[in-house]
Amino acid sequence: MVTKNHERIHLDDKNLCHLAMSELEDLYTDLGLSTEELDLLDMPRRTFTVHFPVRMDSGKIKMFIGHRVQYNDARGPAKGGIRFHPELTIDHVKDLAFLMSLKCAVANIPFGGSKGGVVVNPKGLSRNELEHATRGYIRAIADYIGPFKDIPAPDVYTDEKIMAWILDEFERIKGEHVPSMVTGKPIELGGSKARSYSTSLGGIYVLEEAMKKINLDKSKAFIAIQGFGNVGENAARLLHEREYNVIAVSDSKGGIIKEDGLFIPAVIKHKNETGSVIDFPGSKNITNEELLTCKCDILIPAALSDQLNRDNAPNVKSKLVLELANAPTTRDADDIFFDKNIMLIPDVLANAGGVVVSYFEWSQNLNNDYWEEEKVLEKLKKTMITAFNDVYSLCQEQKCRLRKSAYSVALKRILEAEKLRGNL
Ligand code: GLU
């Protein structure tokens, strides 16, 4: 990650850790970290790259590459998703594992951070090939994961069906039931109620606290959401149910806008029937770029990284940005928003609801005690609001941006755990 003289090591692409890195460079100076602390934060604890054979439908064997990085586990077992992506690199996985360590510490749940994945385009695999690739990856890393070592979950292009195969493969290897080894499972296999929409709902809880701070009233809050995958669609649905005015949404094919508000249940139906939100009757088609700069009060990037950048940030008109995607804002755009007094709720806080309910799932599995949805939601709300207040008070105290105070809260907690363990 960052060397002690703050020199950046190789970063394979221009997304998230550019932001994390430059923010951290400032922070390391502000926090006055010692050489030992910098050294400790500089490297992941464990990094695995595995190569494993998968029998394809043609009958031929193909070798696959998988990675898993356990960045820090001072506060508890490492925790983080598994993504299937054709451009996945070990450096990218390291960056994401580092962000997971910060996210779990910001939410103050007893986990460290990890991330992993398989280098593959899952859309190019049949159902059987996908299952064989998942099982092959788990066989290759089975010795290094487990409920008290490192707990996987869904991430980009993986879902509860894949989590079910992960559980099954692991249990075959161990010869016993171990539901707590993976989260984001189907409810029938020990998954938690509300896990499927917890990232979006956790973001809304935080958003509502932030709105109070800037005196933004629900009735006057017009919202635009970029991305209509699991997170974006659930955010739109939940906001609509809470009587917010969602005026614009988009997916990879484009977006739609209706200045006096979209009827989201009908947009979801239209998307399910046609494959996209575009051409929704009564709305106007717009591009993703137009969505980001449309006249709204709250902008929610819930798609890819680097969407808000130096080119479009000066034209963003919202008062508040809620990062439900990972790293949707570049450092340049972050600076522009700070100067324009736009409040930005950073990803490590805004989208932590997913891993928070993962923690509840793990805990339910270990205690063999399953909670009603109401209990999950109550505990999620409490955890998210506490995290928001921790970050917000530091931000007020230090007059800095929320991203910086979130990183600061997280690093202090991680370093404290390291000290107590005698590692510093
Ligand atoms: N992949 C999600 C994230 O990046 C969830 C991780 C988890 O639940 O462990 O936050």
Side-chain angles (χ1 to χ4, degrees), residues 15-17 20 67-73 75-85 88 92-118 145-160 162-163 166-167 179-186 190-203 206 227 229-232 234-235 301-305 322-328 345-365 376 380 383-384 387 406 410:
N15 60 22
L16 51 104
C17 271
H67 304 295
R68 186 78 182 163
V69 174
Q70 297 162 358
Y71 203 93
N72 188 282
D73 57 3
R75 293 172 38 84
K79 183 83 188 80
I82 287 178
R83 61 174 58 186
F84 285 0
H85 199 279
L88 192 71
H92 199 173
V93 178
K94 276 184 203 165
D95 294 344
L96 292 162
F98 181 68
L99 280 188
M100 278 310 299
S101 312
L102 297 179
K103 199 183 290 186
C104 293
V106 169
N108 214 358
I109 54 174
F111 286 141
S114 57
K115 201 71 145 202
V118 177
I145 58 174
F148 305 109
K149 290 184 190 170
D150 179 12
I151 307 140
D155 201 81
V156 174
Y157 293 149
T158 55
D159 55 16
E160 61 171 43
I162 292 177
M163 299 308 114
I166 290 177
L167 176 70
S180 52
M181 64 75 52
V182 61
T183 60
K185 303 178 289 290
S192 176
K193 291 195 172 138
R195 176 63 183 85
S196 60
Y197 61 87
S198 56
T199 307
S200 314
L201 186 58
V206 165
N230 177 50
V231 177
N234 275 312
L304 306 166
S305 48
L322 179 74
E323 289 189 332
L324 286 189
N326 273 323
I345 309 176
D347 47 8
V348 290
L349 172 63
N351 70 30
V355 74
V356 167
V357 177
S358 275
Y359 162 51
F360 299 158
E361 180 174 335
W362 177 76
S363 165
Q364 291 171 74
N365 296 148
V376 177
L380 172 65
T383 309
M384 295 306 292

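Counting starts at 1 for both ligands and their atoms, following the listed order.
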Undergrad: Which heavy atom of the protein is the closest neighbour of atom 8 (O) of ligand 1, given with residue, atom name and distance?
TA: Ser358 OG, 2.6 Å
Undergrad: Can you tell me which residue and heavy atom of the protein come closest to atom 7 (C) of ligand 1, and the distance to 0.1 Å?
TA: Ala153 CB, 3.3 Å
Undergrad: Can you find a heavy atom in the side chain of Tyr359 that is under 4.5 Å from one in the side chain of Val355?
TA: no
Undergrad: With sequence neighbours excluded, what pairs up with Arg68 under the salt bridge (charged side-chain N to carboxylate O under 4.0 Å, His left out) test?
TA: Asp150
Undergrad: How are the rings of Phe111 and Trp362 set relative to one another: parallel (under 30°), tilted (30 to 60°) or perpendicular (over 60°)?
TA: perpendicular
Undergrad: Check whether Asp347 reaches the backbone of Ala327 with its side chain - one donor and one acceptor, N or O, closer than 3.5 Å.
TA: yes
Undergrad: Consider ligand 1: state whether an atom of it lies below 4.0 angstrom from any non-hydrogen atom of Arg195.
TA: yes
Undergrad: Report yes if the side chains of Met163 and Thr183 come closer than 4.5 Å at any heavy-atom pair, otherwise no.
TA: no
Undergrad: Between ligand 1 and Asn351, is the shortest N or O to N or O distance under 3.5 Å?
TA: no
Undergrad: Could you tell me which atoms of ligand 1, counted from 1 in the order shown, lie closer than 4.0 angstrom to a heavy atom of Lys103?
TA: 3 (C), 4 (O), 10 (O)
Undergrad: Under a 4.0 Å heavy-atom limit, does Pro154 contact ligand 1 with its side chain, its backbone, both, or neither?
TA: backbone
Undergrad: For atom 4 (O) of ligand 1, which protein heavy atom lies nearest, and how many Å away is it?
TA: Lys115 NZ, 3.0 Å
Undergrad: Just jot down the ligand 1 atoms closer than 4.0 angstrom to any heavy atom of Lys79, in number order.
TA: 7 (C), 8 (O), 9 (O)
Undergrad: Flag the pair Ile151 / Lys79 as yes when at least one side-chain heavy-atom distance between them is below 4.5 Å, and no otherwise.
TA: yes
Undergrad: State whether the shortest distance between N or O atoms of Met100 and N or O atoms of ligand 1 falls below 3.5 angstrom.
TA: no
Undergrad: Restricting to side-chain hydrogen bond (donor to acceptor under 3.5 Å, both in side chains), what partner residues turn up for Lys103, sequence neighbours left out?
TA: Asn351
Undergrad: Looking only at protein heavy atoms, which one is nearest to atom 1 (N) of ligand 1, and what is the separation?
TA: Asp155 OD1, 2.7 Å
